[in-house]
Structures are given as structure tokens and as C-alpha cells.
Student: 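One structure follows; several queries about it will come next.
Just so we're clear, the structure is a prediction, and the values are computed from it rather than from any experiment. Just so you know, residue 1 is the first one in the sequence shown, and it goes up from there.
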Amino acid sequence: MSRLITLSLITSTLLILIIFPLNSTARLHPGDCRPTERQALLNFKQNLIDVADRLVSWSADHDHGDCCNWSNVVCDSVTGHVLELQLSSTSNLPEQAFSGVIDSSLSKLEQLTLLDLSDNAFGGIPLPSFLSSMKNLRVLNLARSGFGGSITADDQLDNLSNLRYLSLQGNYIKVETLEWLSSLSSLELLDLGFLDLGSVSDSWLDVINKLPLLVELRLSYCQLGQVPEFLNPVNFTSSMSVLDLSHNNISSQPPFPKWVLDLRSLTYLNLANNRFQGHIPEGIQNLSSLETLDLSWNSFSSLSPTSFSSLIRLRLFNLAFNNLGGDLSGAMGDMTSLVELDLSSNGFQFVGGIPNYFSTFCNLKLLTLSDVRLKQDVNQAFDVLSRCPANGLKTIRMSNCQLFGSLNISLAKFKNLDTLSLSKNSISGPLPKSLTDLGSLKYLELYSNKFHGTLPTRFGTLTNLESIDISDNLLEGDVYEIHFSNLTKLWMFRASGNLLRLEVGSDWAPPPQLNDLGLGLWRLGPRFPSWLQSLKLLNSLNLSNSGISSHIPSWVFFNSVLYSIDLSSNLLTGPLPFISPITSILDLSNNSLSGTITNFLCYKPKEDKMTQVLNLGGNRFRGEVPDCWGSWKYLEAVKLSSNRFTGSIPWSIGTSVFLDSLNLRNNKLSGHIPSSLKNCSKVRSIDLSENKLSGEIPWGMTRLEGLQSLNLSGNLLTGEIPEDVGAMRSLESIDLSQNQLSGEIPRSMSGMTFLSFLNFSDNKLSGRIPSSTQFDGFNASSFAGNLNLCGLPLARNCSNVPAPGQDGIGNGEEDEGHVYEQWYFYVSIAIGFIVGFWGVVGSLALSRSWRYGYFRFIDSLWYKFRTG
């Protein structure tokens, strides 16, 4: 029997050897990688730059050269063909990213179905030309990998008829044609986000419409510009579930795309950051499968609350930053699945405060109601939000909601809260002790309220805090080291505008991560705080009005990352130190600094300074203003007022093409106004008053069409007011008083429809005051002290003085021309009113400063510039 079994085994073995003879391509171990594909991978690796050695296993010596066991390689378990290459660098660490060249040997992986090279750094190389030959590919992910060049021909990515997933998002590719897409008939997901589709903005939708199986389309940041209103027929009506056209500057001309409202299978719709306007279409209620709806950062102006009544599956609902308004009290009661809700920066209101049905939003994690008019006691608002048994709220933003009362409700129920913003309300009383129960809290904004009392010492127990802004309240008392003892993660602490006093030792070690520190109005002096030296990451510092009366240590300005410095309204003395070239904002106004500014301004003249705001007003600087402004080319605001500067205004100050505000008032400057100021085309405010400037007003100044405020009063200017001053259509305020100007007031000023302040008093002007609606609003004091001026509003009539440009002898032709001029003038007033009114009111309606604490600081600096 045993001999029979042995004979059978020998026979079977011989049969196998006959059927499968041994040769170079024999496969005795199913699943082993094929030699040709192993060599292709080795060639591919050889041309890659792999700094992190992520492909160290790709070696002939590793596992007997079986590439199916190499990292990031997936093979068919039977045939051994390579099916997937997963080479994404998802760690977000630059050193983990691949770079180099994509070798064409990859084309030999004929059975490859998935190629993922996303999040790498290929340095602008074009897409590999061999990709179109990989006909079995189903997934191609090249997102954010640094590919460049352009897609200009249909044969670069065509032939991939089996492809279902294609992402080129986040590369530097310009798309010249999209016709190749029409051959990808199996495509289900297409992501071209951040690619330049401007060249195909007229045809992209027609091409996309040829993909009947498309489920997900993402075209954010593609410079589309416009979207057709109609698409007939819509071939992907039943399949499309995700549509992202955000950040494309799409206008409402043509109107809102009606075809979007036919996509009844949509679960995700993102149209944020475009220019849609008018009414939000009521047809949006037909998209009852929606789970995400983002219409934020558009110009929608109206809606019907019932438009959203059927969207009960919504998890994310964002209408922020539009021009919407009205009462939403009954609009969202059935949206119990909401996880994120943002209605901020509109004109919405909830009559009676946050509706009680919010207590049923027990899935809610993010709630942003900033700028929604609640007119509610803050405790009532939190009571509604605290009723869910397992409160999962992580973010509450109710800034500028007209909340009032003392916050004394327990916050312990909000144990998951990591962001709390209640700024710009009228909340009073002490800071609630229950704040310290919020152990997960990272970001706290309570600025611009009426909180009083002291800072709770248990603040230091909130170990997860990263950012605090309690500025502009009524807090007082002492703050000690214990308040910061455990705040090791804190990177922003803003508490300016409170009467607090810091009581710490000179060797105190503040939170090491601090990069934004605001202690304006605190009592810190008289010495400059030496503990600041330990803050190596500090980039924004506000110690204004804090009682410091010492010199400024040189190390302050040579901090390598400090870009914003406000030391204004102290008693600082001594000369002005050099500053780091990266300093963007420097405010040293209202101190007792002295000496010249030549060394400061002319230090390293060939080195470009990044400074945008320079405020040295209200000090004791003397000498000439040096002619070294060429390296300060990014300046937007310069204030040197109320010092003791002499000499002339340097010509190079007019080379600052970004200049928005120039204030040199109340010095002893002399000479002519430099004609180079005409180059400052973006300037809105010029104040050269209370100096000893002479000569004529430069004719080029009238080219400054964006100028809103001009003050040249209190000088020795002569000559006439430039005839074409009326070309400065944006001018709102002009003060030329207390000079020696002569001649007539130019008739062109009659068309300056924005002009609300005018002072020409105490000059040598003569003739008739122009008659217009604009001039009729000024009183006599605006023209007093000009002995030869006449006409309203002065008491001196012009019965014996011919009107400017007339000789007293009329004729029909002149009368007809005069009538025409009057008609044109009144029409211009009407147009000016409409543009001016809506320009101002519209801008105010779109105010978005609530979420940027940085801009609050900039606003305070601008106030100093415009009121100094």
C-alpha cells in the first residue's frame, strides 16, 4: 500500500512539472510579486528623493525581493500583480514628503488600480505623460503634490475609462481644456480644487454634464467667475450628492443657477465665498436630503424662513456674512440634527431671545450667533442651551448680540466647551467663578463688556487655555504669578483697557508660548518689564499707558519675531533705538522721547523695512526729517505730529506708494510742499497743518482722487487754490484756513458731493462764493477773515461783483449753457448721494471685524492717527 502511495505522489509531481515547467517566470508561491513589476518599482524609487527613508523596505534584499511585502504596496494575493501604490505623505511634515521625478517605469504596472501620490513636493514638474496608458486605474490621487504646468491636450489624461476617483486638487496646474474629462465615463468623484479653470469658465459645466455617474464634484478656488443659470438636461440629477463651488467669486449675473435646485440627491452643497445676491431661492427647500448647506460670505439680502423648513436632515447650516435680516424665531424648529449652526454677521434677530426649541438641538457642537440681535439676559440664553442632558457644545460664539445681565448661571454643564466668545455685549458683574469649571476651554473672548471686580485666581487652573481676550472691561485689582502658573499652552493674553496691576518679580517666567500680549492701561512701571526677555516667540506687544518711565531697552526692538509694538502714552525717555526690519506696526506716540530720528530712519538704507504703521507723534524729537524714506516702501500710515521737527518735508516721503495717512502737523517745518506727494495714489488723509510751509499748493495734489481729508491750515501758503481741486471727488474734509491764499474759490468745488467740512477762513480770497447745495450747508465761519469774499453764507452781498466767469452781460447762448450746467450739476448730486449713501451704509452692513482681534488693535491705531 505504501509503495502505491509513493508511486502516486511521484506521478503527480511529474505531471505538475510537465504542465508547469520550471523557467524564469515560474510562480511556485502564489502572491509573490512579478519580477518585471519589482524592477519597475526599483526604477521608480531610484528617481525619487526620499529624505525620510520611507521606502527603505524597497530592496532586492528585503523579504527575498518580494515587492508585495514592501511598504505602501498592495498586490493581488493570487496573481502577484501590483494593484495599489499608497505613497501619500499625510503626516504634514515636509521632511516626510517625496520629491524628485516620477519615472515612466510605473507604466509597466499594467494592473495598477490605485495610485496615491498626494501631499508630496514634486516642485512644479508637469503631470507624467504616461498616466493615460494606465488603463486599469480606478483611483488617481495627485492632490497637493506640487505638480505644475498645464493641461493643454486631450491625450494627457484620456483613455482612463475605468477611472472612478480623480483628484488634482491643490496643485499649480492651469487647465486649458477639459474635453479629456468626457472620456472618463466611469468617473464618480472629481476634485479640481485650486486649479485655474479661468480658461474654461464658459464650457466647464457642459463637459461635466457628460459624466452621468458623477457623485461628488469639488471645484473650490477655481476662478470660475460665473455659473450658467440653466442646464438642460442635467445628466447627473440622480447621482450627484456632493457639490462644492465655493471661493470662486461667482456673480449673480446670470442669476442663481436653477439646475442646482434639481439635484434632489444632494447631501452636501457649498456655495460659500461667492457674489450671489438677492433672494435665497425658495426652491432650496426641495433639497430635502441636504446634510450640509453653506451659503456664507455672499451678498444674499433676503429669504423666506419657510425655505428651510423641510431641511430637517441638516447637520451643518451656515448663512454667515451675508446681508440677510429678519426674525428667525420660527424658522429652524425641526432641525434637530444640527451639529454646526452659523448665522453670524447678518441682520438677523430672535424676537424674545434664543428660542426654546434650541433646547432640542442636542447634537449641536458649534453655535455661532454673533451679531444676531437677541436682546436677552445672558443667563436666559445659557439656560436654553444647557437643557440637553448630555451637552456636547464645543463652541459658543455670541459676540455683539445685545446680551445683558450678570453671568451667574453655572457653566459646569458645558464641560466639553473649548471656545466661548461673548465679546461686545453689555454683560456686567464679576467674572463668574464657574468659568474655572470649563476644563476643556481653549479660547475665551469677553472683551468690550462691563465685567468688574478682580481676575479670579483659579484662572490658572484652566490648563488647556490657549487664548484669552478680556480687554476693555472694568476689571481692577492685582494680578499675580499664580494667575498664570499652569497656563503653559497660552499663546495670546489680551487684557488692555482694564485697571489691573501686575505684581510679579523681575525673574518671573511668563507662559513660554506667549506670542500676543496686551496689557495696555495696566500698572507695570516705572521700569520696563525685564521678564519680557524670556518670551522668545512674542510677535505682538501692547504696553500702552502703563506707567513706564524708563528708556526703551534695545532688546525690545531686536526681537526677531516681534512685528507689532505699542508703547504709546507712557513716559518713555531717551533716543529712539533701531528696530528690526520685520516690525510692521510701531506706536511710540505720546511719550518723552527725544533727539533726532536720522539714525533710526536711515539705518541700513538699502534694507527694505516691512513697517506699515509708524507713529512717533507727541514726543520731543527735533532736527530735520531725513530724506531716507526710500527703504520704507510699505508704509501705510506715518504720524510725526506734535514734535519739534524743522527744515523741509523730504521729497522721498512721496515715494511711499501704499501710503494711506500722513500726519506732520504741529511742528516747525518750512519750505514747499513736495510735489512727490502726487505719487501717493492711495492716500486718504494728509495733515500738514500748524507748520511754516510756504509757496503754492502743488497742482499735482488734485490728482489724489481717493483723498478724503486735507488739512493745510496754519501755514504760510500763497497763490490760488488749484482750479481743478473739484476733481478730488472723494474729499470729505478740507481745511486751508490761516494761510495767505488769494484769488477766487474754484467753481469746480460745487460738484464735490461728499464734502461735509470746509474751512477757508483767514486768507486773502476774493470774489463770489460758489452757489450750490453743498456750499449752502456751510456757515459763515468757514469763510470769515477774507475781506473780499461775498455771497452767502456771508452777510456781504455781491450786487456789484460779477459771478465768477461772467462779465455781467448775458446772452441766450450763455444762459442756455448755464441751464445745462445746472441740470448736469443736480443730476451729479443725485448720483453722488446714491453712490455715497450706499457705499457707506453698504460697507457698514458688511462689517466683519468681530472675529479678528487684530483689526481692533489696528482700528485703535487709526483713531490715534485721524484724531492727532
Student: Does N120 reach the main-chain N or O of L87 with its side chain, forming a donor-acceptor pair under 3.5 Å?
Tutor: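 Here the side-chain-to-backbone pair exists.
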Student: Do Y634 and T611 have side chains that get closer than 4.5 Å, going by heavy atoms?
Tutor: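 Counting from C-beta outward, Y634 and T611 never come under 4.5 Å.
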Student: Looking only at non-hydrogen atoms, find the nearest pair between D202 and Q226 and report the distance.
Tutor: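 Closest heavy-atom pair between D202 and Q226: OD1-NE2, 3.3 Å.
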Student: To the nearest 0.5 Å, what is the distance between CD1 on I582 and CE on M610?
Tutor: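 Between atom CD1 of I582 and atom CE of M610 there are 10.0 Å.
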Student: Nearest 0.5 angstrom please: D262 CG to M240 CE, how far?
Tutor: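 CE of M240 is found 12.0 Å from CG of D262.
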Student: Find out whether Q277 and F300 are in side-chain contact, i.e. whether some heavy atom of one side chain is under 4.5 Å from a heavy atom of the other.
Tutor: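 Of all side-chain heavy-atom pairs linking F300 with Q277, none is under 4.5 Å.
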Student: By the definition side-chain contact (heavy atoms from CB on, under 4.5 Å), identify the one residue from L190, D191, L142, V175 that meets it with L168.
Tutor: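 Looking at L190, D191, L142, V175, the match for L168 under the side-chain contact (heavy atoms from CB on, under 4.5 Å) is L142.
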Student: Report the C-alpha distance between S145 and N171 in whole Å, list the side-chain angles of each, state the deciding distance to 0.1 Å, and finish with yes or no for side chain to side chain contact (heavy atoms under 4.5 Å, CB included).
Tutor: CA-CA 6 Å; S145 285; N171 286 289; 4.1 Å; yes
Student: If you take all heavy atoms of M134 and L160, which pair is closest and at what distance?
Tutor: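 Looking at all heavy atoms of both residues, the closest pair is O-CD2, 3.2 Å.
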Student: Closer than 4.0 angstrom, basic N to acidic O: yes or no for K394 and D418?
Tutor: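 Not counted as a salt bridge, because no side-chain N and carboxylate O are separated by less than 4.0 Å.
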Student: Under a 3.5 Å distance rule, please check whether T113 uses its side chain to pair with a backbone N or O of N136 as donor and acceptor.
Tutor: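 Flag not set: sc T113 to bb N136 has no pair under 3.5 Å.
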Student: May I ask you to say whether R684 pairs ionically with D660, meaning some side-chain N is under 4.0 Å from a carboxylate O?
Tutor: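 So R684 pairs with D660 through a salt bridge.
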Student: Give a yes or no on whether a salt bridge exists between D608 and K633, defined as a side-chain N under 4.0 angstrom from a carboxylate O.
Tutor: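 A salt bridge is present here (some side-chain N lies under 4.0 Å from a carboxylate O).
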Student: Shortest non-hydrogen contact from S656 to W632?
Tutor: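 Looking at all heavy atoms of both residues, the closest pair is OG-O, 3.9 Å.
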Student: Any chance you could measure F98, atom CZ, to S89, atom OG, to the nearest 0.5 Å?
Tutor: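 Here the interatomic distance stands at 5.5 Å.
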Student: Walk me through whether I125 and V101 qualify under side chain to side chain contact (heavy atoms under 4.5 Å, CB included).
Tutor: CA-CA 8 Å; I125 64 173; V101 177; 5.5 Å; no
Student: Without swapping roles, check the side chain of N162 against the backbone of K135 for a donor-acceptor pair under 3.5 Å.
Tutor: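 Indeed, once roles are kept as given, a pair shorter than 3.5 Å links the two residues.
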Student: Does H279 reach the side chain of S304, with side-chain heavy atoms less than 4.5 Å apart?
Tutor: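 Side chain of H279 against side chain of S304, heavy atoms only: contact under 4.5 Å found.
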Student: Side chain to side chain contact (heavy atoms under 4.5 Å, CB included), that's the test. Do F348 and L324 meet it? Break it down for me.
Tutor: CA-CA 7 Å; F348 289 133; L324 297 165; 3.4 Å; yes
Student: Looking at R138, I'd like to know if its CZ atom is crowded, meaning that more than 12 non-hydrogen atoms belonging to other residues, nucleotides or ligands lie closer than 6.0 Å.
Tutor: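 Result for CZ/R138: open.
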Student: Quick one: do E466 and Y443 satisfy side-chain hydrogen bond (donor to acceptor under 3.5 Å, both in side chains)? Show the steps, please.
Tutor: CA-CA 6 Å; E466 298 179 19; Y443 309 100; 3.2 Å; yes
Student: Taking all heavy atoms of F44 and all of S105, pick out the closest pair and write down the distance.
Tutor: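 Result for this residue pair: N-OG, 3.5 Å.
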Student: Give a yes or no answer on whether the side chain of D206 reaches the backbone of W204 with a donor-acceptor pair at less than 3.5 Å.
Tutor: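 Between the backbone of W204 and the side chain of D206 there is no qualifying donor-acceptor contact (under 3.5 Å).
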Student: Could you check if a side-chain atom of R494 sits within less than 4.5 angstrom of a side-chain atom of Y447, using non-hydrogen atoms only?
Tutor: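 SC-SC contact between R494 and Y447 ruled out.
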Student: To the nearest 0.5 Å, tell me how far I585 CD1 sits from S540 OG.
Tutor: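 The CD1 atom of I585 sits 7.0 Å away from the OG atom of S540.
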Student: Does the N298 side chain pair with the main chain of L271, one donor and one acceptor, at a distance under 3.5 Å?
Tutor: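 Yes, N298 side chain to L271 backbone: donor-acceptor pair under 3.5 Å.
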Student: Check the pair N235, K210 against side chain to side chain contact (heavy atoms under 4.5 Å, CB included), reporting the backbone distance first and the verdict last.
Tutor: CA-CA 7 Å; N235 292 327; K210 297 176 183 178; 5.6 Å; no
Student: Hey, does L197 have a side-chain heavy atom less than 4.5 Å from the side chain of L219?
Tutor: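 Yes - at least one pair of side-chain heavy atoms lies under 4.5 Å apart.
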Student: Do K489 and N464 pair up side chain to side chain, a donor and an acceptor below 3.5 Å, judged on atom types alone?
Tutor: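 Side chains of K489 and N464: pair found under 3.5 Å.
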Student: Do the non-hydrogen side-chain atoms of L106 and L85 ever get within less than 4.5 Å of each other?
Tutor: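 Side chain of L106 against side chain of L85, heavy atoms only: contact under 4.5 Å found.
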Student: Using a cut-off of 6.0 Å, state whether more than 12 heavy atoms not belonging to R315 lie near its atom CZ.
Tutor: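 Atom CZ in R315 is not crowded, with 12 or fewer foreign heavy atoms closer than 6.0 Å.
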Student: For D371 and N400, does a side-chain donor sit closer than 3.5 Å to a side-chain acceptor?
Tutor: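 Yes, because at least one side-chain N or O of D371 sits under 3.5 Å from a partner of the opposite role on N400.
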Student: Is it the case that S399 and S370 place a side-chain donor and acceptor less than 3.5 Å from each other?
Tutor: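 Distance-only check fails for S399 and S370.
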Student: Over all heavy atoms of both residues, which pair between S88 and D119 is shortest? Give the atoms and the distance, please.
Tutor: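 Reported closest heavy-atom pair: OG-OD2, 3.9 Å.
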Student: Can you check whether R275's main-chain N or O pairs, donor with acceptor, with S299's side chain at less than 3.5 Å?
Tutor: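 Not a single qualifying donor-acceptor pair exists.
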Student: Is L217 close to F236 at the side-chain level, that is, under 4.5 Å between some pair of heavy atoms?
Tutor: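 No, every pair of side-chain atoms sits at 4.5 Å or beyond.
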Student: Would a distance-only check, ignoring hydrogens and angles, find a side-chain to backbone donor-acceptor pair under 3.5 Å from N209 to V207?
Tutor: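 It does not hold such a pair.
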Student: Measure up the F256 and F276 rings against each other and bin them: parallel (under 30°), tilted (30 to 60°), perpendicular (over 60°).
Tutor: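 Tilted.
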Student: Is there a side-chain contact between E216 and E188 (heavy atoms, below 4.5 Å)?
Tutor: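 Heavy-atom side-chain distance check fails, nothing below 4.5 Å.
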Student: Please answer whether the main-chain N or O of S238 pairs with a side-chain N or O of S265 as donor and acceptor at a distance below 3.5 Å.
Tutor: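 Between the backbone of S238 and the side chain of S265 there is a qualifying donor-acceptor contact (under 3.5 Å).
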Student: Side chains of S246 and N273 only: does a donor on one sit below 3.5 Å from an acceptor on the other?
Tutor: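 No, N273 and S246 have no side-chain donor paired with an acceptor closer than 3.5 Å.
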Student: What's the spacing between L55 CG and S71 OG if we round to 0.5 Å?
Tutor: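 Between atom CG of L55 and atom OG of S71 there are 5.5 Å.
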Student: Looking at every heavy atom in both L295 and I284, which two are closest together, and how far apart are they?
Tutor: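 Heavy atoms of L295 and I284 come nearest at CD1-CD1, 4.2 Å.
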Student: Could you check whether any side-chain N or O of S186 sits under 3.5 Å from a backbone N or O of R164, counting only pairs where one atom can act as donor and the other as acceptor?
Tutor: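 Side chain of S186 to backbone of R164, a donor-acceptor pair under 3.5 Å: no, none is there.
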Student: Is the closest basic N to carboxylate O distance between R313 and E291 below 4.0 Å?
Tutor: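 Salt bridge: no.
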Student: Could you give the distance from OH (Y268) to CG (L266), rounded to the nearest 0.5 Å?
Tutor: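 Here the rounded value is 11.5 Å.
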Student: Keeping N248 on the side-chain end and Q223 on the backbone end, is there a donor-acceptor pair under 3.5 Å?
Tutor: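 Answer holds: yes.
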